Amino acid sequence: MSNIKKIKLLIITLMCLSCGSDNGPGYQEPYNPGGDDPIVEDLTDEELLDLTQETTFKYFWDYAESNSGAARERYHVNDPSDSENVVTTGGSGFGLMAILVGIERGYISRSEGYDRLSQILNFFENADRFHGAWPHWINGVNGNVIPFSDQDNGGDLVETALFAQGLICVKEYFKDGSDEEAVLATQADVLWKGVEWNWYTQNQNALYWHWSPDNGFTMNLELKGYNETLIAFVLGAASTDYAIAPEVYNEGWASNGSIVSSESQYNIPLILDHAGSGSGPLFWAHYSYLGLNPTNLTDQYANYWDLNVNHTNINYQHCVNNPNNYVDYGSDCWGLTASYSRNSDGSTGYSAHSPENDLGVISPTAAISSMPYTPEKSLAALHYFYSKKDILLGPAGFYDAFSPQYNDWVTKRYLAIDQGPEIIMIENYRTGLLWNYFMQNEDVQNGLNALGFSY
């Protein structure tokens, strides 16, 4: 073995938790997805899950926005100054949950986690809000809105719902702690309860994504399923002061029941219409379910566990069937979702990858964040990603997107909304941590009851 390879092996070994080579309890044969390729390291499934969670945690801890402590929208390894003060509201909600994982996993102490969470909550308490909703992007230096587009310079209800999901987990985690922890729990509770969900109905049986002090509801984008927006309706119904009526959910999100679908792909039922887009990108099976536990979740429209398992399996089966004949697609190289992407000229762009929009770009977050739904398939993908660690594993986990089709093109970039679901959904798969805290919240239970869910 060359000296360079020895050094690389030593670095990876030091990164891993208990990543030894003894063949004691829990030992598994090294995973070798390429068949003839050299074995990388003999990491067990558990060691690889440890490695993935701990490195991904760094996105929200080491690479957080420096003034607020909240999650940056993006981090570019080759250009760290890019958007360095752009805080993402939804991604910051994922960051709150990731910090709780970090405490439980021992990456940081409870007091360190408390301090960072206090910093983040104080920032959002003083940041711009629009009828209680935070904007998509916030300036981490002064808390002012950063327009997401020309007309989108106000409240973003979906980003706010994703942040509120994290606030509720923080509340439940600390509410029975020390006196100062109980104060933090109350602060988190007050923050999410300040969202005026009913304002975003425009006095209709519908929810609308945006409101701007300059443009009002001009964007007029209604939240309709099935996509990533279910959590907004659950929290809207759970609100103590600004609740939405069940009709907003049934007539708006569910389109008076027409959301139910009899369509199938690869002989797998869709169950719900995926916003008219075929099966859609896999983040729809992740964002609303970081706290909201789909395991036993049902209503008059769907069994949400079956819905998400089917969605994942359709995505997987598409990559296995590989109708476009992309290089390496298969049972261990799969996963299509919204992420950075490769433009036709080789530059980096962005796309919502799905079976209907397959550009030959694999997003690691798609398979990794589906761990609770398809553990064996997701673990196979994780081992495959790790086999390409020299190009794909960076300082904050696996990079956002890569393509074997284009000579292992990799973008050395990260997005908060892609890294967050990885650490959170792995934890839900392993311990149910965030699911347990979110689902024990009485307001959440009241909201689910009001909408007719069983859980």
Side-chain angles (χ1 to χ4, degrees), residues 8-33 39-64 71 75 94-110 112-113 116 169 173 286 290 332 335 363-400 414 416 418-437:
K8 287 182 178 179
L9 178 59
L10 177 61
I11 291 171
I12 293 298
T13 302
L14 291 173
M15 287 173 63
C16 299
L17 297 176
S18 63
C19 187
S21 59
D22 70 59
N23 295 358
Y27 175 77
Q28 300 177 11
E29 287 299 317
Y31 187 82
N32 186 12
I39 294 172
V40 184
E41 279 94 28
D42 52 344
L43 292 186
T44 66
D45 289 347
E46 290 301 304
E47 288 169 336
L48 190 49
L49 290 172
D50 286 342
L51 172 65
T52 304
Q53 284 190 288
E54 186 166 11
T55 54
T56 305
F57 175 74
K58 295 178 184 296
Y59 183 92
F60 299 97
W61 193 259
D62 295 346
Y63 302 104
Y75 178 70
F94 300 169
L96 298 180
M97 302 164 90
I99 289 171
L100 300 183
V101 175
I103 296 171
E104 290 296 298
R105 289 277 161 193
Y107 309 149
I108 54 174
S109 68
R110 188 177 176 99
E112 287 174 321
R116 176 66 67 85
C169 291
Y173 189 85
H286 305 149
L290 302 180
D332 56 2
S363 312
T365 185
I368 295 172
S369 301
S370 297
M371 194 70 65
Y373 307 132
T374 52
E376 292 182 0
K377 295 166 184 173
S378 293
L379 282 165
L382 187 56
H383 280 284
Y384 173 86
F385 301 150
Y386 184 67
S387 76
K388 292 181 173 289
K389 70 182 189 309
D390 288 348
I391 61 169
L392 197 52
L393 183 61
F398 293 102
Y399 288 126
D400 199 53
Y414 296 103
D418 287 343
Q419 297 309 102
E422 293 183 32
I423 182 173
I424 294 165
M425 288 301 253
I426 288 177
E427 192 61 37
N428 281 332
Y429 164 68
R430 300 177 90 175
T431 69
L433 180 76
L434 289 315
W435 284 347
N436 292 338
Y437 279 113

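In this text, all values refer to a predicted model and were calculated from it rather than measured experimentally.
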Under the side chain to side chain contact (heavy atoms under 4.5 Å, CB included) criterion, do E112 and W61 qualify, and how do the steps go? CA-CA 10 Å; E112 287 174 321; W61 193 259; 4.2 Å; yes

Can a donor-acceptor pair be found, under 3.5 Å and without considering hydrogens, that links the side chain of Q419 to the backbone of A396? yes

So, does D62 use its side chain to make a donor-acceptor pair with the main chain of K58 at under 3.5 Å? no

Validation row: R430, D50 side chains within 4.5 angstrom (heavy atoms): yes

What I'd like to find out is whether the side chain of Y429 reaches to under 4.5 Å of the side chain of S378, using heavy atoms alone. no

Can you see whether T56 engages T52 through a side-chain donor-acceptor pair at a distance of less than 3.5 angstrom? no

Quick check: do Y59 and I423 have side-chain heavy atoms less than 4.5 Å from each other? no

Distance in Å, L433 CG paired with E427 CD, rounded so as to fall on 0.5 Å steps: 5.5 Å

Given V101 and F57, is the side chain to side chain contact (heavy atoms under 4.5 Å, CB included) satisfied, shown in steps? CA-CA 8 Å; V101 175; F57 175 74; 5.9 Å; no

Does the pair E54 and R105 meet the rule for a side chain to side chain contact (heavy atoms under 4.5 Å, CB included), with working shown? CA-CA 8 Å; E54 186 166 11; R105 289 277 161 193; over 6 Å; no

If you look at every heavy atom in P421 and F94, which pair is closest and at what distance? CD-CD1, 3.8 Å

Donor-acceptor contact present, side-chain N428 to main-chain W435, <3.5 Å: yes

About how many Å separate CD1 of I424 and CD of Q53, when rounded to the nearest 0.5 Å? 10.0 Å

How far does CZ of R110 sit from CD1 of I99, to the nearest 0.5 angstrom? 13.5 Å

Is the closest side-chain heavy-atom distance between L379 and L49 below 4.5 Å? yes

L382 CG to D45 CG distance, which is reported to the nearest 0.5 Å: 8.0 Å

So Y75 and Y414, would you call those rings parallel, tilted or perpendicular, with 30° and 60° as cut-offs? parallel

Rounded to the nearest 0.5 Å, how far does CE of M371 lie from CD of E422? 9.0 Å

Ignoring hydrogens, what is the shortest heavy-atom contact between F60 and G95? Give both atom names and the distance. CD2-CA, 3.4 Å

Nearest heavy-atom neighbours spanning L434 and L290: CB-O, 3.5 Å

Which pairs, with at least one residue in residues 363-381 and sequence neighbours excluded, count as a salt bridge (Lys or Arg N to Asp or Glu O under 4.0 Å)? none

Give the minimum heavy-atom separation between H286 and S370, together with the two atoms involved. NE2-OG, 2.9 Å

Do P364 and Y399 have side-chain heavy atoms sitting under 4.5 Å apart? no

Shortest non-hydrogen contact from A416 toward A71: CB-CB, 4.1 Å

Mind checking side chain to side chain donor-acceptor pair (under 3.5 Å) for R116 and listing every partner two or more places apart, or none if nothing turns up? none

K388 side chain near F398 side chain, heavy-atom distance below 4.5 Å: no

Determine whether L48 and L43 satisfy the following criterion, side chain to side chain contact (heavy atoms under 4.5 Å, CB included), listing intermediate values before the conclusion. CA-CA 6 Å; L48 190 49; L43 292 186; 3.9 Å; yes

Do the non-hydrogen side-chain atoms of D418 and S363 ever get within less than 4.5 Å of each other? no

Residue set satisfying side chain to side chain donor-acceptor pair (under 3.5 Å) with Y173, at least two apart, ordered chain then number -> E104

